[in-house]
Amino acid sequence: MSSLLDLAPVIPVVVIDDVESAVPMARALVAGGLPVIEVTLRTPAAREAIARIAAEVPEATVGAGTIRSSEDISASVAAGARFLVSPGTTLSLVEAMDSSGVPYLPGAATVSEVMALVERGVKELKFFPAEAAGGVPYLKALAGPLPDVRFCPTGGIRVNTAADYLALPNVGCVGGTWLTPADALAAGDWGRVEKLASEAAALR
């Protein structure tokens with residue numbers, strides 16, 4: 001797989017309550033031009049949703065987010081997750097992700113966390129929570145001392161601020177929750193999801 005950060009400008013960060021919405025949602029995102037989908041492990045439906053998307057929407061690259069334990073990793077990979085994303089990083093978690101056999105984006109929010117991951121050879125990270133942790137100015141500041149590190153900022157980013165992040169040299173893509181609004185998923189409004197995905201895909 002190419003770098004996760006180069007597959008699409010925006011990675012939809014999705015919370016799925018009803019597993020029946022997983023496949024049509026994924027098809028709408030792919031049709032809109034966003035083939036990389038992060039399903040967060042925040043609901044009981046998440047793992048089944050990953051399994052269904054992996055089985056029924058082969059053109060999607062589905063991954064698992066909110067990875068917090070080795071159990072999350074093994075269950076997600078078994079379900080078909082093709083990448084992993086964690087909100088933060090501990091030594092044991094990054095070791096487990098490293099041995100998972102799939103690409104991963106470990107979460108970092110401070111310079112020390114970033115440097116600790118770089119020491120382990122990890123140079124593509126999730127920056128979370130992006131807006132709360134300093135946003136665009138913070139990432140600009142990191143580019144000087146850490147020019148070889150690239151980020152997928154996630155957390156509080158919206159369609160009207162995503163382009164500011166994407167313009168930074170150390171940002172490959174952003175993660176966003178705005179692409180799959182809860183009311184659109186509940187109503188099965190896949191046309192709206194596809195439209196939001198299409199607008200986001202044009203942000204390159």
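Atom set for the values below is all heavy atoms of this structure, side chains included, hydrogens, waters and symmetry mates excluded. Everything numeric in this text was worked out from a predicted model, so none of it was measured. The first residue of the sequence shown is numbered 1, and numbering continues consecutively from there.
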Let me check something: do [X] and [Y] share a hydrophobic cluster, defined by ILVMFWY side-chain heavy atoms less than 4.5 Å apart, either directly or through other members?
{"X": "Val39", "Y": "Tyr104", "value": "yes"}
{"X": "Leu142", "Y": "Leu166", "value": "yes"}
{"X": "Leu34", "Y": "Leu185", "value": "yes"}
{"X": "Leu7", "Y": "Leu203", "value": "no"}
{"X": "Val114", "Y": "Phe128", "value": "no"}

Show your working on side chain to side chain contact (heavy atoms under 4.5 Å, CB included) between Trp190 and Met25 and close with a plain yes or no. CA-CA 6 Å; Trp190 311 124; Met25 175 211 66; 3.6 Å; yes

Quick one: list whatever passes side chain to side chain contact (heavy atoms under 4.5 Å, CB included) with [X], sequence neighbours left out.
{"X": "Thr89", "value": "Ser86, Val94, Pro106, Leu117"}
{"X": "Ala22", "value": "Ile16, Ala49, Ile53"}
{"X": "Ala130", "value": "Phe127, Pro153, Ile157, Tyr165"}

Gap separating the [atom1] atom of [X] from the [atom2] atom of [Y], nearest 0.5 angstrom:
{"X": "Asp189", "Y": "Thr180", "atom1": "CG", "atom2": "OG1", "value": "12.5 Å"}
{"X": "Leu93", "Y": "Asp72", "atom1": "CG", "atom2": "CG", "value": "8.5 Å"}
{"X": "Thr90", "Y": "Met97", "atom1": "OG1", "atom2": "CE", "value": "8.0 Å"}

Is any NZ, NE, NH1 or NH2 atom of the basic residue among Glu20 and Arg52 found under 4.0 Å from an Asp or Glu carboxylate oxygen of the other? yes

State, yes or no, whether a side-chain contact exists between [X] and [Y] at a heavy-atom distance under 4.5 Å.
{"X": "Val62", "Y": "Val57", "value": "no"}
{"X": "Arg192", "Y": "Asp183", "value": "yes"}
{"X": "Cys173", "Y": "Pro9", "value": "no"}
{"X": "Ile73", "Y": "Ile67", "value": "yes"}
{"X": "Pro147", "Y": "Asn170", "value": "no"}
{"X": "Thr61", "Y": "Ile37", "value": "no"}
{"X": "Glu38", "Y": "Val14", "value": "no"}
{"X": "Leu5", "Y": "Phe151", "value": "no"}

On a heavy-atom basis, which atom in [X] and which in [Y] lie closest, and how many Å separate them?
{"X": "Pro12", "Y": "Leu179", "result": "CA-CD1, 3.7 Å"}
{"X": "Pro137", "Y": "Gly134", "result": "CD-O, 3.3 Å"}
{"X": "Ile50", "Y": "Ser76", "result": "CG2-O, 4.5 Å"}
{"X": "Val102", "Y": "Phe83", "result": "CG2-CA, 4.3 Å"}
{"X": "Ala162", "Y": "Trp178", "result": "CB-CH2, 4.0 Å"}
{"X": "Gly176", "Y": "Val10", "result": "N-CG1, 4.3 Å"}

Residue set satisfying side-chain hydrogen bond (donor to acceptor under 3.5 Å, both in side chains) with Arg68, at least two apart, ordered chain then number -> none

Sequence neighbours excluded, the answer for side-chain hydrogen bond (donor to acceptor under 3.5 Å, both in side chains) partners of Glu95 is none

Test side chain to side chain contact (heavy atoms under 4.5 Å, CB included) applied to Leu91 and Arg120, step by step: CA-CA 10 Å; Leu91 179 59; Arg120 294 189 57 83; 3.6 Å; yes

Would you check if the side chain of [X] reaches a backbone N or O of [Y] as a donor-acceptor pair within less than 3.5 Å?
{"X": "Thr66", "Y": "Thr40", "answer": "no"}
{"X": "Glu113", "Y": "Ala109", "answer": "yes"}
{"X": "Ser21", "Y": "Asp18", "answer": "yes"}
{"X": "Ser198", "Y": "Glu194", "answer": "no"}

Give me each pair satisfying salt bridge (charged side-chain N to carboxylate O under 4.0 Å, His left out) with a member in residues 131-159, each pair once, sequence neighbours excluded. Asp6-Arg150, Lys123-Asp148, Glu124-Arg150

